[in-house]
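Inspection log for the structure reproduced underneath, given as C-alpha cells.
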Amino acid sequence: MKDVGQLIRTKVYDRLFGVLEYNGDTIPVYDSAGVPANAIQPYVLLSTFNATELLEGSKQSYGQEISLLIEVCMKFDNSFGGKIVCDNISNQITELIRTRQNGYMDLSPDWYIIRTLLESTNSLEQVITTGVLTRRLIRFTFKIQQQ
C-alpha cells in the first residue's frame, strides 16, 4: 500500500493556490509546514490530515478514507469582525473541492477518488492580545482507491 498523504495535500493545494480571492486580492494558501510570521491576511492553511485504511479493498488494491482540515484565518486588530470574509473564502473552497465526479482531483496513476464529502464546517473566534483571530474550519473526507 502506498501513502497518499502528500499527494492529496498537493492536489488540494494546487486546486486552491492562486484561485481564491477576496475584494480582488489573491488569498495566500499555505501547507501545514508553517505560515510565515508576516503572512498577508486573510490566508488559507491546509491543516491536520488523517488517513484510515478501508476494509473494502481487494487483493489487488487498497482503499483509504482521507480527512483534511482546511482553515481560513484572519486577524482583526482590537476589534471584532471577519466572519463574512472567512465565510466568503470558505464558500469558494467548498465550490472548488466539493464537486461531482467530473470535477474530482486527478490522483493518477496510483489512486482515484470514489467520493468527496464536506464532513463539517464551523467558525471560531479567539481573543488575542492584539485583537481577534477569526477562523473558519472546513473538513473534507475523500474516499479513495489504489489503482
Side-chain angles (χ1 to χ4, degrees), residues 1-22 25-76 80-128 131-147:
M1 180 168 83
K2 296 183 178 187
D3 181 9
V4 71
Q6 182 179 358
L7 176 63
I8 198 96
R9 294 174 72 80
T10 299
K11 294 296 184 169
V12 169
Y13 180 87
D14 291 347
R15 174 94 28 126
L16 301 178
F17 182 79
V19 178
L20 302 173
E21 63 176 44
Y22 186 76
D25 295 326
T26 301
I27 305 301
V29 178
Y30 300 100
D31 201 345
S32 63
V35 177
N38 62 347
I40 297 171
Q41 295 187 31
Y43 62 84
V44 171
L45 173 65
L46 303 185
S47 188
T48 60
F49 168 85
N50 185 48
T52 304
E53 182 177 357
L54 298 175
L55 300 175
E56 303 166 359
S58 68
K59 291 181 181 180
Q60 292 80 29
S61 66
Y62 297 96
Q64 288 189 30
E65 190 165 85
I66 309 298
S67 177
L68 177 63
L69 181 65
I70 301 173
E71 299 184 35
V72 180
C73 304
M74 186 160 188
K75 184 176 77 90
F76 288 86
F80 285 86
K83 282 187 181 177
I84 192 72
V85 174
C86 291
D87 289 347
N88 179 283
I89 297 166
S90 172
N91 184 59
Q92 292 176 60
I93 292 169
T94 302
E95 288 178 344
L96 290 165
I97 302 295
R98 179 64 178 104
T99 62
R100 293 294 177 203
Q101 286 179 322
N102 63 352
Y104 285 168
M105 293 176 290
D106 182 10
L107 304 180
S108 61
D110 296 319
W111 298 92
Y112 64 94
I113 295 177
I114 297 170
R115 180 195 73 212
T116 301
L117 177 68
L118 174 61
E119 184 178 321
S120 64
T121 182
N122 61 323
S123 297
L124 299 173
E125 284 187 347
Q126 179 180 358
V127 177
I128 56 177
V132 176
L133 178 63
T134 300
R135 295 170 34 208
R136 180 72 179 263
L137 308 177
I138 315 156
R139 182 170 299 280
F140 289 99
T141 301
F142 304 91
K143 185 175 182 180
I144 64 171
Q145 188 76 32
Q146 189 172 2
Q147 297 196 55

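Only heavy atoms go into these numbers, but all of them, side chains included; no hydrogens, no water, no symmetry mates.
Taking Ser67 as the reference, Arg139 meet the side-chain hydrogen bond (donor to acceptor under 3.5 Å, both in side chains) condition, with sequence neighbours excluded. For Asp31, the side-chain hydrogen bond (donor to acceptor under 3.5 Å, both in side chains) partners are Arg9, not counting sequence neighbours. Applying the side-chain contact (heavy atoms from CB on, under 4.5 Å) test to Pro109 and every residue at least two apart in sequence or in another chain returns nothing. Partners of Leu124 by side-chain contact (heavy atoms from CB on, under 4.5 Å), not counting sequence neighbours, listed by chain and number: Asn122, Arg135, Leu137. Listed by chain and residue number, Gln6, Asp14 satisfy the side-chain contact (heavy atoms from CB on, under 4.5 Å) test with Thr10 (two or more places apart in sequence, or in another chain). Applying the side-chain contact (heavy atoms from CB on, under 4.5 Å) rule to Thr121 yields the partners Ser90, Arg136, Ile138; only residues at least two apart in sequence or on another chain are considered. Residues that satisfy the side-chain hydrogen bond (donor to acceptor under 3.5 Å, both in side chains) test with Asp110, not counting sequence neighbours, are Lys2. For Tyr22, the ring-ring contact (aromatic ring centres under 6.0 Å, His included) test picks out no residue, with sequence neighbours left out. Listed by chain and number, the residues in a side-chain hydrogen bond (donor to acceptor under 3.5 Å, both in side chains) with Glu21 amount to none (sequence neighbours excluded). In this structure Arg98 satisfies the salt bridge (Lys or Arg N to Asp or Glu O under 4.0 Å) test with no other residue, sequence neighbours excluded. Not counting sequence neighbours, Tyr112 has no partner by the ring-ring contact (aromatic ring centres under 6.0 Å, His included) test.
With rounding to the nearest 0.5 angstrom, the CG atom of Leu133 is 10.5 Å from the CE atom of Met74. In this structure, CD in Gln145 is found 8.0 Å from CH2 in Trp111, a value given to the nearest 0.5 Å. Taking CD from Glu119 and CZ from Phe140, the interatomic distance works out to 10.5 Å, rounded to the nearest 0.5 Å. To the nearest 0.5 Å, atom CD1 of residue Ile128 and atom CZ of residue Phe76 are 11.5 Å apart. Atoms CG and CG, from Asn91 and Leu96 in turn, are 9.5 Å apart once rounded to the nearest 0.5 Å. For the atom pair CG (Leu54) and CD (Gln64), the distance works out to 7.5 Å, reported to the nearest 0.5 Å.
The two atoms that bring Arg15 and Thr99 nearest to each other are NH1-CG2, 4.2 Å, heavy atoms only.
The local environment of CZ in Phe17 is sparse, with at most 12 non-hydrogen atoms from other residues, nucleotides or ligands closer than 6.0 Å.
In this structure, the side chains of Val29 and Val19 stay at 4.5 Å or more apart for every pair of heavy atoms. Under the 4.5 Å side-chain criterion, counting only non-hydrogen atoms from C-beta, Ile8 is in contact with Phe49. A heavy-atom distance below 4.5 Å is not found between the side chains of Tyr104 and Ile144.
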Acceptor/donor pairs from residues 36-47 side chains to any protein atom, 3.5 angstrom cut, sequence neighbours excluded:
| from | atom 1 | to | atom 2 | distance (Å) |
| --- | --- | --- | --- | --- |
| Gln41 | OE1 | Lys75 | N | 2.4 |
| Ser47 | OG | Glu71 | OE2 | 2.9 |

Audit row: Ile97, Leu16, side chain to side chain contact (heavy atoms under 4.5 Å, CB included) steps and yes/no: CA-CA 9 Å; Ile97 302 295; Leu16 301 178; 4.2 Å; yes
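Side-chain atoms of Lys83 never come within 3.5 Å of backbone atoms of Thr134 as a donor-acceptor pair (strictly under, hydrogens ignored).
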